[in-house]
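Everything on this sheet refers to the single structure shown next.
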Amino acid sequence: MYNLDNFTLSDLHKEYDGLDVVENCPHCNISISPILISHHKFYDEAMNLPMHTLVLQCNRNKCSRIYLADIWLQSVFPGNDVVVIDHLILPKVNVVFNDPKIAEISPEFISIYNESLKAESMGLLKICGCGYRKAIEFLVKDYIISSNSENEDFDINDIKKSTRVIKLIEKYFDDPILISVAKKLFWLGNDETHYERKWESKDIKDMKNLIEVFLYKIKMDLSIQKYNNEMGI
């Protein structure tokens, strides 16, 4: 590892495509324009690829903390452009989701969703989407079960065993907004598990945004039900 003199991250941007993956501070979790403190380039025999380790500093005055970024490189024909094909940011920040209202309905959703967040934070982008999709299936089924707990004709086992989750959504959800969001979530979730993607312009960020909307809507409905039960309709 060596000092930089006048070498900056902008110079590396001229050499590598896809370097923007290192421009999110793991300490404050904000997109930044990091300062390149030092770097070292070598060959990773295990990956059989050239590798570049960067020592970076957050440029935000409120943070200014140091982090490391390992990037793996590959030449792409034609033109021999060098692209970043994989990366690892350290330290890994432990992102944990917790919501008492949601946990009361579906503790398994909380567990699976947090495992998916951890996978994403470790750069395991090929598998975290599958986890988010599984988490939502648990939340949808648990929400249906919770909402129908006083229905004597309701069969819990039918819900648990069903593989046609969208059909369950159409049957048991009354709110058109909730139905629309849930369907879109499963469309994107299926893209994360199937060989070909249907929604090429959408990714994990879109899926997580929809999960936030879905959770917000469920919590709002739960609050309305709570006060209707306590104060009357």
Side-chain angles (χ1 to χ4, degrees), residues 17-22 24 29 31 47-49 71-74 76-77 81 83-89 92 95-97 99 102-103 105-147 155-218:
D17 290 334
L19 192 61
D20 56 311
V21 294
V22 307
N24 197 84
N29 195 28
S31 180
M47 294 283 286
N48 199 29
L49 288 169
I71 55 174
W72 285 265
L73 309 166
Q74 190 171 61
V76 178
F77 297 96
D81 293 330
V83 299
V84 177
I85 64 167
D86 203 357
H87 70 286
L88 175 66
I89 305 295
K92 298 187 181 83
V95 181
V96 177
F97 172 83
D99 188 289
I102 299 300
I105 294 174
S106 183
E108 278 300 298
F109 165 78
I110 300 290
S111 176
I112 299 167
Y113 189 72
N114 277 323
E115 286 189 10
S116 304
L117 285 173
K118 185 176 181 180
E120 184 182 2
S121 72
M122 295 174 66
L124 303 177
L125 303 182
K126 302 291 186 181
I127 63 172
C128 62
C130 305
Y132 290 131
R133 194 258 184 227
K134 181 176 182 179
I136 286 299
E137 178 169 341
F138 270 77
L139 179 58
V140 165
K141 289 185 175 182
D142 287 342
Y143 182 63
I144 291 172
I145 291 170
S146 174
S147 301
D155 191 337
I156 292 178
N157 289 326
D158 282 349
I159 304 300
K160 291 181 177 179
K161 293 177 181 179
S162 176
T163 58
R164 306 179 70 183
V165 183
I166 290 182
K167 291 294 183 182
L168 293 178
I169 292 167
E170 293 173 339
K171 180 178 180 180
Y172 289 101
F173 284 20
D174 296 325
D175 189 324
I177 296 176
L178 209 54
I179 293 172
S180 175
V181 173
K183 283 183 175 181
K184 290 177 174 62
L185 265 174
F186 277 93
W187 292 342
L188 296 186
N190 288 340
D191 268 2
E192 297 299 325
T193 60
H194 294 165
Y195 192 87
E196 291 186 345
R197 300 184 71 90
K198 181 179 179 181
W199 303 92
E200 292 287 348
S201 63
K202 304 301 179 186
D203 57 19
I204 294 294
K205 290 182 180 178
D206 296 295
M207 193 175 182
K208 289 172 68 179
N209 287 340
L210 285 172
I211 289 174
E212 287 185 17
V213 175
F214 190 71
L215 291 172
Y216 174 81
K217 193 69 176 67
I218 285 180

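Just so we're clear, the structure is a prediction, and the values are computed from it rather than from any experiment.
Taking every heavy atom of both residues into account, Ser31 and Asn24 meet most closely at N-OD1, 3.3 Å. Smallest separation of non-hydrogen atoms from Cys128 and Ser116: CB-O, 3.6 Å. Of all non-hydrogen atoms in Phe186 and Glu137, the two that sit nearest each other are CZ-CA, 3.7 Å. Across every non-hydrogen atom of Val84 and Gly18, the tightest pair is CB-O, 3.8 Å. When all heavy atoms of Val181 and Val213 are compared, the pair lying nearest together is CG2-CG1, 3.9 Å. The two atoms that bring Tyr172 and Ile144 nearest to each other are CG-CG2, 3.7 Å, heavy atoms only.
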Run the side chain to side chain contact (heavy atoms under 4.5 Å, CB included) test on Asp17 and Val76 for me, step by step, so that the C-alpha distance in whole Å, both residues' side-chain angles and the decisive distance to 0.1 Å come before the verdict. CA-CA 10 Å; Asp17 290 334; Val76 178; over 6 Å; no
Side chain to side chain contact (heavy atoms under 4.5 Å, CB included) evaluation trace for Leu215 with Asp99: CA-CA 10 Å; Leu215 291 172; Asp99 188 289; over 6 Å; no
Tyr132 vs Leu117, test: side chain to side chain contact (heavy atoms under 4.5 Å, CB included). Steps then yes/no. CA-CA 8 Å; Tyr132 290 131; Leu117 285 173; 3.3 Å; yes
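A 4.5 Å side-chain heavy-atom check between Val22 and Ile71 finds at least one atom pair inside the cut-off. Taking 4.5 Å as the limit, every side-chain heavy atom of Phe109 sits out of range of all side-chain heavy atoms of Asp142. Considering only heavy atoms from C-beta on, Ile159 stays 4.5 Å or farther from Asn157 through its side chain. In this structure, Leu185 and Val140 have side chains that are not in contact, with every pair of non-hydrogen atoms separated by 4.5 Å or more. No side-chain heavy atom of Met207 sits under 4.5 Å from any side-chain heavy atom of Lys202. A 4.5 Å side-chain heavy-atom check between Leu178 and Ile218 finds at least one atom pair inside the cut-off. Ile204 places a side-chain heavy atom less than 4.5 Å from the side chain of Lys208. When side chains are defined from C-beta on, Leu49 does not count as touching Leu73, because their heavy atoms never get closer than 4.5 Å.
If you look at Tyr143 and Phe173, their ring centroids are closer than 6.0 Å.
Under the side-chain contact (heavy atoms from CB on, under 4.5 Å) criterion, Leu88 pairs with Asp70, Trp72, Leu90, Lys92, sequence neighbours left out. In this structure Tyr113 satisfies the side chain to side chain donor-acceptor pair (under 3.5 Å) test with no other residue, sequence neighbours excluded. Lys167 pairs by the side-chain contact (heavy atoms from CB on, under 4.5 Å) definition with Arg164, Glu170, not counting sequence neighbours.
Expressed to the nearest 0.5 Å, how far NZ of Lys217 lies from CD1 of Ile179 amounts to 10.5 Å. Expressed to the nearest 0.5 Å, how far OG1 of Thr163 lies from CG of Leu168 amounts to 9.0 Å. Distance check, rounded to the nearest 0.5 Å: CD1 of Ile112 to CZ of Phe97 gives 13.0 Å. Going from atom NZ of Lys160 over to atom CG of Asp155 covers 10.0 Å, rounded to the nearest 0.5 Å. To the nearest 0.5 angstrom, Ile127 atom CD1 is 9.5 Å from Leu125 atom CG. The CG atom of Asp20 sits 9.0 Å away from atom NE2 of His87, with the distance rounded to the nearest 0.5 Å.
No more than 12 heavy atoms of other residues, nucleotides or ligands sit less than 6.0 Å from atom CG of Asp174. Other residues, nucleotides and ligands place more than 12 heavy atoms under 6.0 Å from the NZ atom of Lys141.
Between Lys126 and Glu192 there is no salt bridge, since none of the side-chain N atoms of the basic residue sits less than 4.0 Å from a carboxylate O of the acidic one.
Not one N or O on the side chain of Asn114 forms a donor-acceptor pair closer than 3.5 Å with the backbone of Val96.
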